[in-house]
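Quick notes on the structure that follows.
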Amino acid sequence: PDYWGEDTTYKLRVHRGFNEVFSDGLYGTVLSTIMPLLQLVHDSTNKPYYDNVIHFGGHSLGGANAQVFGTYFAYFHSNIKTYVTTLGAPRQGNYA
């Protein structure tokens, strides 16, 4: 479902270069680093340390990768608030 809860199919296309970086293990590498951090809890209260919020950011090529990763992460981890901030990033795909 989309933002408004409607079932929608999006025809997203990503530039081949960004897709190759993403597909060459970037997602798995970053995910294996951040997921344990998101699961940390305070010793005394046993409450989540990060309150299920994550921010991705980058500049230029790093911004493009952050946008692709953040979009993918938000889609598959809808219980975690995901924010993406980029500066000077090229467009990664189509306008969908």
Side-chain angles (χ1 to χ4, degrees):
D2 66 8
Y3 179 78
W4 296 275
E6 299 174 4
D7 287 328
T8 305
T9 300
Y10 295 100
K11 295 180 181 178
L12 297 175
R13 296 185 62 173
V14 176
H15 184 277
R16 180 178 55 205
F18 298 120
N19 190 46
E20 286 174 0
V21 169
F22 185 78
S23 299
D24 284 345
L26 175 67
Y27 183 74
T29 300
V30 175
L31 193 65
S32 67
T33 302
I34 62 174
M35 289 309 287
L37 296 174
L38 288 172
Q39 296 168 358
L40 288 176
V41 294
H42 290 286
D43 291 335
S44 59
T45 62
N46 206 32
K47 290 183 179 179
Y49 189 77
Y50 288 102
D51 293 329
N52 286 328
V53 175
I54 189 163
H55 297 260
F56 296 102
H59 170 261
S60 193
L61 178 58
N65 288 330
Q67 182 67 45
V68 172
F69 190 92
T71 301
Y72 196 82
F73 186 87
Y75 183 81
F76 287 105
H77 300 91
S78 59
N79 62 318
I80 299 173
K81 293 179 185 175
T82 305
Y83 298 94
V84 177
T85 304
T86 64
L87 300 167
R91 188 171 56 140
Q92 302 84 21
N94 64 355
Y95 290 105

Shortest non-hydrogen contact from [X] toward [Y]:
{"X": "H77", "Y": "L31", "answer": "CE1-CD1, 4.0 Å"}
{"X": "P90", "Y": "S60", "answer": "CD-O, 3.5 Å"}
{"X": "V53", "Y": "I80", "answer": "N-CG2, 4.2 Å"}
{"X": "A89", "Y": "A64", "answer": "CB-N, 3.7 Å"}

T86 side chain vs V84 backbone, donor-acceptor pair below 3.5 Å: no
Treating T33 as the side-chain partner and T29 as the backbone partner, does any N or O pair qualify as donor plus acceptor under 3.5 Å? yes
Separation of [Y] [atom2] from [X] [atom1] (nearest 0.5 Å):
{"X": "Q67", "Y": "R91", "atom1": "CD", "atom2": "CZ", "value": "12.5 Å"}
{"X": "Q92", "Y": "F69", "atom1": "CD", "atom2": "CZ", "value": "14.5 Å"}
{"X": "K81", "Y": "I54", "atom1": "NZ", "atom2": "CD1", "value": "14.0 Å"}
{"X": "L40", "Y": "H42", "atom1": "CG", "atom2": "NE2", "value": "9.5 Å"}

With heavy-atom distances below 4.5 Å as the criterion, would you say the side chains of F56 and Y83 are in contact? no
Tell me, do V68 and Y27 make a side-chain contact under 4.5 Å, heavy atoms counted? no
Taking a hydrophobic cluster as the set of Ile, Leu, Val, Met, Phe, Trp and Tyr residues connected by side-chain heavy atoms closer than 4.5 Å, whether directly or through intermediates, do I34 and V41 fall within one such cluster? no
